[in-house]
2 protein chains.
Amino acid sequence: MTTPRDRLLDAAGELFYREGVGVGVDALCKAAGVSKRSMYLLFESKDELIAASLDRRAPGHDAVLLPPDGGTPRERVLHVFRAQDDLTRQPTYRGCPMVATATELKDATHPANAVARRHKQALTDFFAAEARAAGVADPDTLAAQLTMVFDGAGARAVLRAEPLDGLGVATATALLDAAGLT
Amino acid sequence: MTTPRDRLLDAAGELFYREGVGVGVDALCKAAGVSKRSMYLLFESKDELIAASLDRRAPGHDAVLLPPDGGTPRERVLHVFRAQDDLTRQPTYRGCPMVATATELKDATHPANAVARRHKQALTDFFAAEARAAGVADPDTLAAQLTMVFDGAGARAVLRAEPLDGLGVATATALLDAAGLT
DNA sequence: CGCCGAGGAAACCGATCGGTCTACGGTCGG
DNA sequence: CCGACCGTAGACCGATCGGTTTCCTCGGCG
């Protein structure tokens, strides 16, 4: 049996991603099968719920993007971009949830923004660790560059409303080659 | 004397960028010094106004990003990323207006989405023209990659709420080098 | 059985949403 | 001096916003 809290977080994660954070609390509670009363007992405000739902999405997100154990650093990095490429083939793809939420909220002090920044940093850290393992000269710069390509690829897929078709993988490959990560 | 139409488009362009498309029509009209009645005589709906204001922003946007006449293709391409770097130093920077609006609207059929796609394509076309002038093997792919880096760099600046500090320029440089555009 | 807390349904709050409409103040050409 | 017209101010519409509150129905436990 799922708790009201879980149902709220799941419904929020899906609705906020699909329709934006402008979705009303009433619609959200109805989708979660939870009363507004319970929602406001579980969360201080809608803003807190946004942040919490974003946080909850992260593990699943990582599970899709990050590679399983094993493989060369190059393959492990490229796995992320291949997984993103697959995601953009789904018609429900609306870009990276972290980027989308931060973009919608504008306010840099919003609690959800800290969540987004933290999880985006985790992806950058993964790239940096692989680059370091491969002995790249400047792993942090390469990691930042790969993260930018990742988010730029997501933006492209959203704007054009079409799959990436290998463009993200190709760009990441070019950067890996340039950095000597073979 | 500015026309009500111009004032509306200017106010909409600034407010929608700074606070998002969720800004109300009342606040918008007050900022523009135009009555709601006039607004709805000039535009069919708020959605049309969003699209029109985005369209109006584009020339100024191009003027800031695109290089003046002259210079090598490489320098002309890098000028775009240097200009973007400067933009991210401003505390009012909220990312590329086209990307931000498309991200907020979700709906791919929204009139503003076509505007965003068109103007993003214009940037890609600029990159492709420079690449072609420099005799690059696959100018269209390079142009798409540069556009992704551009948007990824914008997303990074928004998420981290800090300037790019050369990261966009460095990444674009790496891609130019990789493509043999010296 | 009675009691109690958890939680759902829904009324309610003031504010605001996108959008329409009336009424009035200006500024023209005749 | 006069209508014709453009545009503003703002009331108004039903709906919805984030958030609070009241009421009532449960299930578990003594």
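Numbers restart at 1 for each chain; the letters A, B, ... are given by sequence-line order, proteins then strands.
- Scanning all heavy atoms of the two residues, the minimum distance from B:Tyr93 to B:Leu87 falls at CB-O, 3.4 Å.
- The CD atom of A:Glu14 sits 11.5 Å away from atom OG of A:Ser53, with the distance rounded to the nearest 0.5 Å.
- Spacing between atom CZ of B:Arg7 and atom C1' of D:dT8 amounts to 10 Å, rounded to whole angstrom units.
- The local environment of CD in B:Glu44 is sparse, with at most 12 non-hydrogen atoms from other residues, nucleotides or ligands closer than 6.0 Å.
- Distance, A:Leu28 CG to C:dG8 P: 13 Å, rounded to whole Å.
- Nucleotide C:dA6 holds its P atom 17 Å from the CZ atom of A:Arg5, rounded to whole Å.
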Scan nucleotides 15-20 of chain D against the protein and return all N/O pairs shorter than 3.5 Å with their distances rounded to 0.1 Å.
residue: D:dG18; atom: OP1; partner: A:Lys46; partner atom: NZ; Å: 2.3
residue: D:dG18; atom: OP2; partner: A:Val25; partner atom: N; Å: 2.6
residue: D:dG19; atom: OP2; partner: A:Tyr40; partner atom: OH; Å: 2.7
residue: D:dG19; atom: OP2; partner: A:Lys46; partner atom: N; Å: 3.0
residue: D:dG19; atom: O5'; partner: A:Tyr40; partner atom: OH; Å: 3.3
residue: D:dG19; atom: N7; partner: A:Lys36; partner atom: NZ; Å: 2.5
residue: D:dG19; atom: O6; partner: A:Lys36; partner atom: NZ; Å: 2.2

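- Of the inter-residue distances, the one linking A:Leu105 atom CG with B:Glu104 atom CD reads 9.5 Å to the nearest 0.5 angstrom.
- Rounding to whole angstrom units, CG of residue B:Leu42 and C1' of C:dT20 are separated by 15 Å.
- Residue B:Ser35 places at least one side-chain N or O under 4.0 Å from the OP1 or OP2 atom of D:dT8.
- Between the side chains of B:Ser45 and B:Asp47, not a single donor N or O lies within less than 3.5 Å of an accepting N or O.
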Requested in this report: Report the C-alpha separation of A:Phe150 and A:Phe126 in whole Å, then their side-chain angles, then the decisive distance to 0.1 Å, and conclude whether the ring-ring contact (aromatic ring centres under 6.0 Å, His included) test is met.
Outcome: CA-CA 13 Å; A:Phe150 181 86; A:Phe126 164 77; over 10 Å; no
